[in-house]
Amino acid sequence: MGLRSIPGEHGNVNTVFAILYAVATVVLVAGLGFKIAQYARTPAPLKIPTTPAPLTPAGAAFRVAREVVVFESLFKANKALWIFAALFHFGLFVVLARHVRYFQEPVNVVIQLVQPFGLYAGLAMMAGLGLLLLRRIVVPRIAYITGPSDILMLLLLLGIGASGLAMKGAVHTDIVAVKAFFLGLMAFEIRALPAEPPLLVHLALVAVLMIVFPFSKLLHVPGVFFSPTRNQCDNPREKRHLAPWAAKLEAGGN
Amino acid sequence: MAAFETPVLGNVEERPIPALVPNATNDLKCFVAAPAHQEALGFPGELVPDWQAKAKARMGDLLSKYRSLQVFMDSCVKCGACTDKCHYFIGTGDPKNMPVARQDLFRSVYRKWFTPAGKMVPGLVGAKEFTRDLLDDWYNYFHQCSQCRRCSLYCPYGIDTAEVSMAAREIMDSIGLGQKYCNEIIGKVHRIGNNLGLPGPALEDTLLGLEEDMQAETGLDIKIPIDVEGAEVLLVTPSADFFAEPHVLGLMGYAKVFHAAGISWTVSTKASEAGNFGMFIGNYDQLRKIAGRVRTAAQELKVKRLVFGECGHAWRVAYSFLNTVAGPWDFLDPRYPVPQHILEFTYNLIKDKAIRLDKSANAGKILTVHDSCNIARGSRMGDFPGGQFHIPREVIKAAVPTFVDMHKDTICEKTFCCGGGGGLLTDELLEIRVKGARPRMEALKQVVDDHKVTHMASMCAICKAQFTKVLPAYGFDREMVVSVHQLVGDALLLGNND
Ligand code: SF4
Ligand code: SF4
């Protein structure tokens, strides 16, 4: 598959970003795919839901959904942290939803509806990130468990948010051209990208995020769905649970 | 052992989070298993020369067999939600007793060996060589985790440090660095039949003695049958119930319940231990072998039902794992859950009015209850989520005039470990046990001060032994801790039964 290049003013920049996004997408999809396959393949030999737990698989699925959507356990654990995390994640969610318009033509109604909230969501996200970063510095317990990668991840996200907001507030970017670039990429075609620093910074940082995703703690995204303490239901007396390797051990007769 | 200071109890409402005291419990090391203890379980006698390579292989094996371990290693975001939830951290301030930091001892090695980031940029992601110093940290701090799962309750991804501790102990066993307490006891289970090393004849004598005591007390012929073929119920109970105080009063309570209900039962010399330390050391084979004794005993004695006595970790193994490691149980009466907890058994009898209790027998006692961590967060009783909280309370309330719960952040699913679970109930770890009991003691103090609570009921053999030892350190009477079935036994209306 060859990328067809449409010459623009900054042909090199366009090509670099096209390749960067092609690579980032492959790494993200393949990396996450590998991890998800690994989690799915690895058996959970014992029933270990943190009880009290739902008694049915549907109940357990609902429990996981609550963890994903409202961070139930985190709410039990620490209200301030829950607020910071919620600010960031909900902000990010709306911002991401809003960005779908760059990849869609025509744009879905729901995506159109969230457009007006973009700025607030972006600000919420930045506030959440800032507070999370502050916490890592000022709370001794959190400082103790914080490593360089934890700080870098926050800085990366802050950088993405800041460059994104910069385009919204200060330097308006030709978003029609950005959209054309991405729609072009999706059709394996390199189109012109507006060569504005905030945009290029924004796009470069997002690509970095996509590349580090499968190698970093961002694996909590697939991880939360696979956590046996949350996704298992509580029915060990009623239903015998046996992992394939344990069954083999049993069949081995020892 | 060096003297240490018992923590000063604070106000449970304020829930103070201690300041970090690095390496506070760094030198608290439990005895290493002797070659004889190790080899009896098929582990190398002492640290093997190529222990790093062996550890790596074992870690890889565990990662491929336990989804929990693989997912937990990757998913932690270092949010710190768990940092103030561990009783050992609260009691010691040692940062390595924060659940995430405890996991990180393992995770740093996992990253180094099994992740691209850990191999390429170890400094960024906290990947570390598995040095002898780090191994020592493993040994110390994975034996300062009672596998109580309180951290897992609060983690946004349900990361359970208990799973990590179990894996770490399994790896250490496999390279020849086992813990004496657990491994010696497991050896006794295989050799003699129970954790205490009480042989069959001695057990029979003990039970006869208990029958005489009950005869003297009640004037009735209340039996503790042993190895009776064809009994309705096989009772499997922690061996501490056979002679330790207050456990044994609980055992007599079970006997009275069976007597009053007129249900035939037996204990077994073969399965004279409900405890299963195979879980503590994270070894599936041991878990399975120890549990297998119960299956054999049930088959040989041709019983119809299986009931477990008051124990926490034993109940987690029985409730959550027994069907997996020793099932299927299709040869037992399908009308009853397999297994049942003695509290479920007694609760149903009370509900069905098959036994009657007179609270006035316990007049003057004001009770609270300690939810055992393995029962609270690792199992269930009854047929609805949270039955493990409801049923013990209902049974206690039926037996005593006044019941008061401790602070809401210290009970039910949020309960604190007694401080002695998970293979820590050994004398050389007394310091960590006393310090780890701090949150429970704080909560107890509040109800003693505010509600004149006189006794704390417990439904776990380890909790009972631990409290008997640590209550005095905090200025309480060691006899404050009572078995739930001791209360039941005292309140039970006996006689006129056929
Ligand atoms: S609560 Fe969970 S994700 Fe957060 S630091 Fe602790 S183990 Fe890691
Ligand atoms: S399982 Fe319990 S003892 Fe172990 S780290 Fe978690 S809270 Fe602490």
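This structure is a prediction, so every number in the text was calculated from the model and none was measured. Here is how names work: the chains are called A, B, and so on, in the same order as the sequence lines, proteins then strands, and each is numbered from 1.
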> Highest number of heavy-atom pairs under 4.5 Å with chain B: which of A/Pro45, A/Ala44, A/Gly147?
Replying inline: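 The candidate making the most pairs under 4.5 Å is A/Pro45.
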
>> I'd like to know which of A/Pro228, A/Ser216, A/Ala247, A/Pro54 tops the heavy-atom pair count under 4.5 Å against chain B.
In response: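 Between A/Pro228, A/Ser216, A/Ala247, A/Pro54, the count favours A/Pro228.
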
> According to the interplanar angle, ranging from 0 to 90°, do the rings of B/Phe331 and B/Trp329 count as parallel (below 30°), tilted (30 to 60°) or perpendicular (above 60°)?
Replying inline: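 Ring orientation, 0 to 90° scale: tilted.
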
> Hey, what's the ring geometry for A/His220 with A/His89, parallel, tilted or perpendicular (30° and 60° as the breaks)?
Replying inline: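 Answer is perpendicular, since the angle exceeds 60°.
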
> When the aromatic ring centroids of A/Phe75 and A/Trp82 are compared, is their separation below 6.0 Å?
Replying inline: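 Centroid separation for A/Phe75 and A/Trp82: below 6.0 Å.
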
> When rounded to the nearest 0.5 angstrom, what is the spacing between CG in B/Asp371 and SG in B/Cys412?
Replying inline: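 It comes to 5.0 Å.
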
> Considering only heavy atoms from C-beta outward, does the side chain of B/Tyr157 approach that of B/Val77 to under 4.5 Å?
Replying inline: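 Yes, close enough: below the 4.5 Å cut-off.
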
>> Using a 6.0 Å distance limit plus a 45 degree cone around the ring axis, check whether A/Lys76 lies over the aromatic ring of B/Tyr154.
In response: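 Verdict for B/Tyr154: no cation-pi partner in A/Lys76.
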
Which bit of [X] comes within less than 4.5 Å of chain A, counting heavy atoms only: side chain, backbone, both or neither?
{"X": "B/Leu20", "value": "side chain"}
{"X": "B/Leu63", "value": "backbone"}
{"X": "B/Pro22", "value": "neither"}
{"X": "B/Tyr284", "value": "side chain"}

Tell me, out of [options], who's got the most heavy-atom pairs with chain A below 4.5 Å.
{"options": "B/Ala81, B/Cys79, B/Cys76", "value": "B/Cys79"}
{"options": "B/Phe321, B/Phe72, B/Tyr319", "value": "B/Tyr319"}
{"options": "B/Ala162, B/Pro339, B/Ala101, B/Ala117", "value": "B/Pro339"}

[X] versus chain B, the contacting section by heavy-atom distance below 4.5 Å:
{"X": "A/Ala85", "value": "neither"}
{"X": "A/Ile151", "value": "neither"}
{"X": "A/Arg230", "value": "side chain"}
{"X": "A/Pro49", "value": "backbone"}

Whether [Y] and [X] form a salt bridge (side-chain N of Lys/Arg under 4.0 Å from carboxylate O of Asp/Glu) is what I want to check.
{"X": "A/Arg237", "Y": "B/Glu344", "value": "yes"}
{"X": "B/Asp333", "Y": "B/Arg305", "value": "no"}
{"X": "B/Glu413", "Y": "B/Arg150", "value": "no"}

> Which members of residues 106-116 of chain B, sorted by number, sit under 4.5 angstrom from chain A on a heavy-atom basis?
Replying inline: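 Hits under 4.5 Å: B/Tyr110, B/Pro116.
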
> With no hydrogens and no angle check, is any side-chain donor or acceptor of A/Glu67 less than 3.5 Å from a backbone partner on A/Val224?
Replying inline: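 No, the answer is negative, given that no donor and acceptor are paired below the 3.5 Å cut-off.
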
